[in-house]
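In what follows, a single structure is set out as structure tokens and then discussed.
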Amino acid sequence: MVSFSETYHEYTCIEETDFYHHYQNEKLPFLYSCNILKFKRNPTLEEFCLAEKKLMNFQEKMQQDFIHLYAAENVPFSMEIEEYLRRENYTIAIEELLVIDPKDFHFSHQNKEIRVELVEDNQQLKEYLDFMYQLNLKNGVSYAHKKRGFYVDRFISPKVQQMNAYLDGQVVGTANIIVSSEYVELDHFEVAPNFQNKGIGTQIQRFIMALANDKKVLLVVDKDTKASRMYYQQHYQFCGYQLSAFKRFKSATIINIPQISSSIASPSS
């Protein structure tokens, strides 16, 4: 069965101990998902606090004002640690790993007016970038600008393929896929807020299912959200979960903060 370790990540391990891995991306210090600490096993509260303090000191030296930790895959934090996290004002979230065989993909309706295309030239890239820039403005102009560079790097990367969904010549949705030997991973899946519930997400997924052919499609999504309920209705299957704890330890305006609830189209990124 597939595990979170097989999903695509844009970070490197900078430290490993007997009970955790510390991952960092120097080029993307503002992205919470690229700068994390993952426990290998359920730590004691003392071990947790030692790791927390070390990570916090590191983040401060790197001028990063957040701390983001993960429990071991399919293992909850102990009651003692969970109580500590709540006292210390962490946001606790649960991510689920879902998988589907393309032939099992279920949808109740489709929108044939939606055209989905791979981003393969500069004009398509510009349209993709402009769409994502507008979505990211909710996190501030600086964040939207930095994320733009991230998307350009993904366009260049041989590992990632971007796509646009068009309605009347306008981009109304986007997605990324990462193809491995066994899986096609769906990532950065977005539908414009004003165009949701119009079958756009379905058309993007139908396009991906056709590309996947005999490979299974997987994604990571926040638990108990409108998005996760949609995926289960489409016959995605649960493969595992992981808990995260997140907080900022000084004021900031351009951090991508994980939320317990998310928009319908977006798996966890």
Side-chain angles (χ1 to χ4, degrees), residues 8-11 25-35 110-179 184-211 217 219-222 225-227 230-231 252-259 261-269:
Y8 182 64
H9 299 292
E10 290 164 303
Y11 52 52
N25 188 321
E26 293 182 359
K27 293 183 178 180
L28 302 169
F30 62 99
L31 277 182
Y32 79 89
S33 58
C34 292
N35 301 275
Q110 58 181 307
N111 188 338
K112 294 184 178 180
E113 296 180 357
I114 303 301
R115 185 180 84 256
V116 183
E117 296 180 355
L118 297 176
V119 175
E120 296 181 313
D121 61 37
N122 289 338
Q123 178 58 37
Q124 292 169 319
L125 176 60
K126 181 182 183 303
E127 293 166 342
Y128 179 97
L129 294 174
D130 290 346
F131 175 83
M132 295 304 300
Y133 185 85
Q134 292 301 315
L135 284 188
N136 287 322
L137 279 176
K138 65 180 180 291
N139 291 321
V141 173
S142 179
Y143 176 85
H145 180 73
K146 290 179 179 180
K147 203 71 184 289
R148 192 179 184 93
F150 167 77
Y151 298 133
V152 171
D153 286 344
R154 279 200 155 197
F155 175 72
I156 298 169
S157 171
K159 298 180 180 179
V160 182
Q161 178 66 67
Q162 298 156 323
M163 59 191 67
N164 291 331
Y166 297 87
L167 177 62
D168 298 327
Q170 175 185 357
V171 176
V172 291
T174 58
N176 294 182
I177 56 171
I178 302 95
V179 181
V184 174
E185 181 177 351
L186 173 56
D187 188 30
H188 278 67
F189 184 16
E190 301 285 351
V191 173
N194 294 338
F195 289 89
Q196 292 184 7
N197 302 314
K198 297 183 183 296
I200 296 166
T202 295
Q203 291 303 104
I204 292 174
Q205 289 188 84
R206 291 183 70 236
F207 183 82
I208 292 170
M209 298 299 162
L211 285 177
V217 176
L219 58 85
V220 178
V221 66
D222 292 334
T225 59
K226 192 174 182 180
M230 176 188 73
Y231 294 126
T253 57
I254 56 169
I255 300 300
N256 185 9
I257 304 174
Q259 301 292 330
S261 61
S262 62
S263 63
I264 183 169
S266 302
S268 195
S269 57

Closest approach of V221 to L219 (non-hydrogen atoms, all atoms of both residues): CB-CD1, 3.9 Å
message: Heavy-atom count check: over 12 atoms from other residues, nucleotides or ligands less than 6.0 Å from E26 CD?
response: no
query: Hey, is the main chain of Q203 close enough, under 3.5 Å, to the side chain of N111 for a donor-acceptor pair?
result: no
message: If you count heavy atoms of other groups shown closer than 6.0 angstrom to NE2 of H9, is the number above 12?
response: yes
message: Parallel, tilted or perpendicular, judged at 30° and 60°: which one describes the rings of H188 and F150?
response: tilted
message: Quick check against the 3.5 Å criterion: does Q162 have a side-chain atom that pairs as donor or acceptor with the backbone of Y151?
response: yes
field: K126 with D121: basic N within carboxylate O range, under 4.0 Å
entry: no
task: Please report the closest heavy-atom contact between T174 and F131, naming both atoms and the distance.
output: CG2-CD2, 3.5 Å
message: Tell me whether N35 contacts the main-chain N or O of N25 through its side chain, where contact means a donor paired with an acceptor under 3.5 Å.
response: yes
message: Could you walk me through whether Y166 and V172 satisfy the side chain to side chain contact (heavy atoms under 4.5 Å, CB included) test, starting with their C-alpha distance in whole Å, then the side-chain angles of each, then the deciding distance to 0.1 Å, before giving a yes or no?
response: CA-CA 6 Å; Y166 297 87; V172 291; over 6 Å; no
message: Working to the nearest 0.5 angstrom, can you tell me the gap between R154 CZ and I178 CD1?
response: 5.0 Å
message: Between E185 (side chain only) and Y8 (backbone N and O only), is there a donor and an acceptor less than 3.5 Å apart?
response: yes
query: Rounded to the nearest 0.5 Å, what separation is found between the CD atom of Q170 and the CD atom of E127?
result: 10.5 Å
message: Counting only heavy atoms not in K112 (residues, nucleotides, ligands), do more than 12 fall under 6.0 Å from its NZ?
response: no
message: Working to the nearest 0.5 angstrom, can you tell me the gap between H145 NE2 and Y133 OH?
response: 8.0 Å
query: In Å and rounded to the nearest 0.5 Å, what is the CD to CG distance from Q124 to L118?
result: 8.0 Å
query: Should we count CD of E113 as having more than 12 external heavy atoms under 6.0 Å?
result: no
field: Under 3.5 Å donor-acceptor, Q161 side chain and V119 backbone
entry: yes
message: Minimum heavy-atom separation for A175 and F189, please, with both atom names.
response: CB-CD1, 4.0 Å
task: For the pair Y143 and F30, name the ring-plane relationship: parallel under 30°, tilted 30 to 60°, perpendicular over 60°.
output: perpendicular
